[in-house]
Chemist: 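Starting off with a structure, shown below.
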Amino acid sequence: MPLPTHHLYVHVPFCRLVCAYCDFVTVGGRSAEIPRYADALLAELALRPASGELATIYFGGGTPSLLPAAAVARVVEAAVERWGSDPAEVTLEANPSAREAPEWAGLRAAGVNRVSLGIQSLRDPELVTLARGQTAAEGLSAFAAARGAGFENLSIDLIYGIPGQSGADWREGLARALALAPDHLSLYALQLALEPDEWAASPRRGALRWRQRMVPRQDDGLAAAQYELAEELLQAAGYHHYEISSWARPGFESRHNAAYWERRPYTGIGAGAHSYDGATRSWNVRDLDRYLLQVTANQRPMEGAEELPEKTRAFEAIALGLRRVAGFSRAAFAAEFGEDPLARHAAAVDETERAGLIEVEGDAVRLTARGRLLANEALVAFAP
């Protein structure tokens, strides 16, 4: 009988520039700490249990491409040795700025076989609005360099809903992106939370002021139209829309992200990283100095943990299941929680069906096209 799959997330918080819209755990201007941090990642990995078969590794950030290729190789090698299995997918996020150009060939040799390139936009005015510190030409060059180094699985991130970005601008940016023939695209509406939730890092003072200036300039109706345009253009270009924000050529769907949506166990190492064993969620300290101090002292740098009650796990099964365009299985839900979701959440199902947000077809429960635009409204009905 095959072992259950396990997944490793490696958080790299370092950034040359910290984006004002980013809610992840990041630090700027501390690149001198990278060698010490790489050692700490290995030390923390040695403190963590290794169960199941390691299926994926994901280097997220921050800017993981700031790690030297040799450091990435050390983490991949240590994970393979610890789990005793070779992951099928090893993803690394990278910035396209020429000043941050990574060792593409070295990363490929280190075992990375999938790159997620944070292009965000291929139009210079939008990059200026986002204060990205890169140009559209640099984005094109970074994509070409990664392809040239042998990466056959390349994903790009794009942002819509940018203040000042028209529908025509978004169409033009998408056309430029599709001309690259990426294997995967992740499209995100610009989120400018002034009071981030408990999992997000609080915005810095300057970032908060920037958000306060940008929020009044956002147009939710335009953002919805931009999302619908993306669905139309990407489908026509042969991309499979498999998750609310994700499109892929057939066979290039993100295996690591799918593990989150399927609620599979994963281990997170690094400052602020989260872990989940199927019943308990835990998270590391966010502060870089505290993280380094605790790991150096051979202590697991855990900030907290919570055992998820049954009702929370059931809600997350629905919330994460509905992120997938195909939805989730009623039979699988019933097998885990002892009741058909249509019976357990009869009122919520009735409300969201009447509102045109979800649809039930045989065993599948999924968001409608309208529901994908109003996913949060749909999920509120199911919240415990």
Side-chain angles (χ1 to χ4, degrees), residues 1-9 51-56 58 60 89 186 188 197-200 240-246 248 253-268 273-283 304-384:
M1 184 175 179
L3 293 171
T5 61
H6 199 87
H7 306 267
L8 176 65
Y9 174 75
S51 59
E53 180 181 354
L54 185 63
T56 66
Y58 194 103
E89 179 186 276
S186 295
Y188 301 108
D197 64 30
E198 59 183 313
W199 304 115
H240 168 50
H241 190 188
Y242 71 101
E243 187 268 342
I244 286 181
S245 303
S246 306
E253 296 84 358
S254 170
R255 300 186 189 188
H256 185 87
N257 288 339
Y260 295 147
W261 305 322
E262 294 167 5
R263 298 163 49 245
R264 297 185 182 276
Y266 58 88
T267 295
H274 287 65
S275 301
Y276 177 64
D277 65 6
T280 301
R281 182 180 291 120
S282 60
W283 53 95
E306 62 173 340
E307 184 172 349
L308 302 183
E310 192 265 0
K311 65 179 181 180
T312 299
R313 288 186 286 110
F315 172 69
E316 291 190 355
I318 292 172
L320 293 172
L322 288 177
R323 287 198 65 87
R324 292 176 290 180
V325 174
F328 67 92
S329 162
R330 293 167 57 190
F333 184 96
E336 182 175 357
F337 300 106
E339 191 176 9
D340 188 314
L342 270 59
R344 179 169 179 149
H345 296 285
V349 170
D350 180 63
E351 176 187 341
T352 51
E353 274 194 309
R354 283 190 292 104
L357 302 179
I358 72 164
E359 60 187 6
V360 179
E361 184 177 353
D363 184 56
V365 182
R366 57 178 172 257
L367 292 174
T368 62
R370 170 178 163 79
R372 290 195 291 275
L373 290 171
L374 301 169
N376 288 339
E377 285 81 348
L379 295 180
V380 165
F382 293 91

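Quick caveat: nothing in here was measured; it's all calculated off a predicted structure. Atoms considered below: every heavy atom in the structure, side chains included; atoms not considered: hydrogens, waters and symmetry mates.
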Chemist: Spell out, as yes or no, whether a donor-acceptor pair under 3.5 Å connects the side chain of Arg370 to the backbone of Ala355.
Modeler: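 Yes: the side chain of Arg370 pairs with the backbone of Ala355.
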
Chemist: Should we say atom CD of Glu336 is surrounded by more than 12 heavy atoms from elsewhere, each under 6.0 Å from it?
Modeler: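 Yes.
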
Chemist: If the test is side-chain hydrogen bond (donor to acceptor under 3.5 Å, both in side chains), which one of Thr56, Thr267, Asp277 qualifies with His6?
Modeler: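 The passing option is Thr267.
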
Chemist: Without swapping roles, check the side chain of Thr352 against the backbone of Ala348 for a donor-acceptor pair under 3.5 Å.
Modeler: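 Yes: the side chain of Thr352 pairs with the backbone of Ala348.
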
Chemist: Pick out which of Leu379, Ile244, Asn257 makes a side-chain contact (heavy atoms from CB on, under 4.5 Å) with Arg323.
Modeler: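 So the option named by the test is Ile244.
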
Chemist: Do the side chains of Glu253 and Arg324 get close enough for a salt bridge, i.e. N-O under 4.0 angstrom?
Modeler: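 Arg324 and Glu253: not salt-bridged.
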
Chemist: Can any side-chain N or O of Ser275 pair as donor or acceptor with the backbone N or O of Gly268 at less than 3.5 Å?
Modeler: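 Judged by distance alone, yes, a pair lies under 3.5 Å.
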
Chemist: Looking at Ala334 and Asp340, what are the two nearest heavy atoms and their distance?
Modeler: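 Scanning both residues, the minimum pair turns out to be CB-N, 3.9 Å.
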
Chemist: Nearest heavy-atom pair of Ala375 and Leu367: which atoms, and what distance?
Modeler: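 For Ala375 and Leu367, the tightest heavy-atom pair comes out as CB-CD1, 4.0 Å.
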
Chemist: Kindly say whether Ala258 contributes a backbone atom to a donor-acceptor pair with the side chain of His256 at under 3.5 angstrom?
Modeler: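 Looks like no, no N/O pair under 3.5 Å.
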
Chemist: Taking all non-hydrogen atoms of both residues into account, name the closest pair between Ala364 and Arg366 and its distance.
Modeler: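 That closest heavy-atom pairing would be CB-NH1, 3.7 Å.
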
Chemist: With a 3.5 Å distance limit and no angle check, can you tell me whether Arg330 reaches the backbone of Gly362 through a side-chain donor-acceptor pair?
Modeler: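 At least one qualifying donor-acceptor pair exists.
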
Chemist: Is a donor on one side and an acceptor on the other found under 3.5 Å between the side chain of Tyr58 and the backbone of Glu89?
Modeler: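 Pair absent, no side-chain N/O of Tyr58 close to backbone of Glu89.
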
Chemist: Can any side-chain N or O of Glu306 pair as donor or acceptor with the backbone N or O of Leu308 at less than 3.5 Å?
Modeler: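 The answer is no, because no donor-acceptor pair under 3.5 Å joins these two groups.
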
Chemist: Which atoms form the tightest heavy-atom contact between His274 and Tyr266, and what is the distance?
Modeler: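 Smallest heavy-atom distance, with atoms named: O-CE1, 3.3 Å.
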
Chemist: Are the side chain of Thr368 and the backbone of Leu357 linked by a donor-acceptor contact shorter than 3.5 Å?
Modeler: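 Indeed, once roles are kept as given, a pair shorter than 3.5 Å links the two residues.
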
Chemist: Of all the heavy-atom pairs spanning Ser254 and Tyr242, show the shortest one and how long it is.
Modeler: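 The answer is N-OH, 3.0 Å.
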
